[in-house]
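Reading through the structure tokens given below for one structure.
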Amino acid sequence: MSFTPYLNFDGDCAEAFAFYAELFGGAIVYQATFGEMESMEGMPPLQEEARNRIMHAQLQLGGGRLMGSDAFPGGDEACGGPYQRPQGMWVSVEAEDAAQGKRFFDGLAQGGEIHMPYAETFWSPGFGMVRDRFGILWMVNVPGQDG
């Protein structure tokens, strides 16, 4: 069993995934817009403002992955409703060491909002919490000696 975070954006999914691929050293293995979708019987016509939004993206990161999409304009309930800024959950990324953790944290913090500065804690040589410029909440953690 594995869990994969699926992130939602308000029109900047492609920009966010390109940034995450560069920051974390991953590769975007799939990305398609709503405009590239095959139409199916019974589907309403695609709104012009939805054509270039990302319908689905997948970023491969070593043994893990992130997935995401842009919210569909107009808030169609069948597509998850209108965009809402994430709250109540964090994406936790585990760095190999304190230096890599600091690099991840600093990258995510650019243009974002720091909730807990990156620092040594009683459980970790490096931990911090930040909302990035795309609205996603992140915890950057370096495992301590006890895991």
Could you state whether [X] and [Y] fall into the same hydrophobic cluster, counting links through intermediate Ile, Leu, Val, Met, Phe, Trp or Tyr residues with side-chain heavy atoms under 4.5 angstrom apart?
X: Leu66; Y: Tyr30; answer: no
X: Leu59; Y: Ile54; answer: no
X: Trp123; Y: Met129; answer: yes
X: Phe122; Y: Met139; answer: yes

Do [X] and [Y] have side-chain heavy atoms sitting under 4.5 Å apart?
X: Thr121; Y: Met116; result: yes
X: Leu137; Y: His115; result: yes
X: Val130; Y: Phe104; result: no
X: Asp106; Y: Tyr118; result: no
X: Arg51; Y: Thr33; result: no

* Would you call the rings of Phe9 and Phe134 parallel, tilted or perpendicular if under 30° counts as parallel and over 60° as perpendicular? -> perpendicular
Roughly how far, to the nearest 0.5 Å, is [atom2] of [Y] from [atom1] of [X]?
X: Tyr6; Y: Gln58; atom1: OH; atom2: CD; value: 9.5 Å
X: Glu113; Y: Asp132; atom1: CD; atom2: CG; value: 11.0 Å
X: Asp10; Y: Asp70; atom1: CG; atom2: CG; value: 7.5 Å
X: Leu108; Y: Phe24; atom1: CG; atom2: CZ; value: 4.5 Å
X: Phe17; Y: Ile28; atom1: CZ; atom2: CD1; value: 7.5 Å
X: Tyr20; Y: Leu61; atom1: OH; atom2: CG; value: 11.0 Å

* More than 12 foreign heavy atoms under 6.0 Å from CD of Gln84: is that the case here? -> no
* Asked: Would you find more than 12 non-hydrogen atoms of other residues, nucleotides or ligands less than 6.0 Å from Asn52 atom CG?
  -> no
Please confirm whether the backbone N or O of [Y] pairs with a side-chain atom of [X], one donor and one acceptor, at under 3.5 Å?
X: Arg133; Y: Ala16; result: no
X: Arg53; Y: Ala71; result: yes
X: Gln60; Y: Gly64; result: yes

* Asked: Between Phe127 and Trp90, is the gap from one ring center to the other below 6.0 Å?
  -> no
Which pair of heavy atoms, one from [X] and one from [Y], lies closest together, and at what distance?
X: Gly68; Y: Cys13; answer: C-SG, 3.9 Å
X: Gly101; Y: Val142; answer: CA-CG2, 4.3 Å
X: Leu23; Y: Gly107; answer: CD1-CA, 4.1 Å
X: Tyr83; Y: Asn8; answer: CE1-O, 3.5 Å
X: Gly144; Y: Pro125; answer: CA-CD, 4.0 Å
X: Ala95; Y: Pro143; answer: O-CD, 3.3 Å

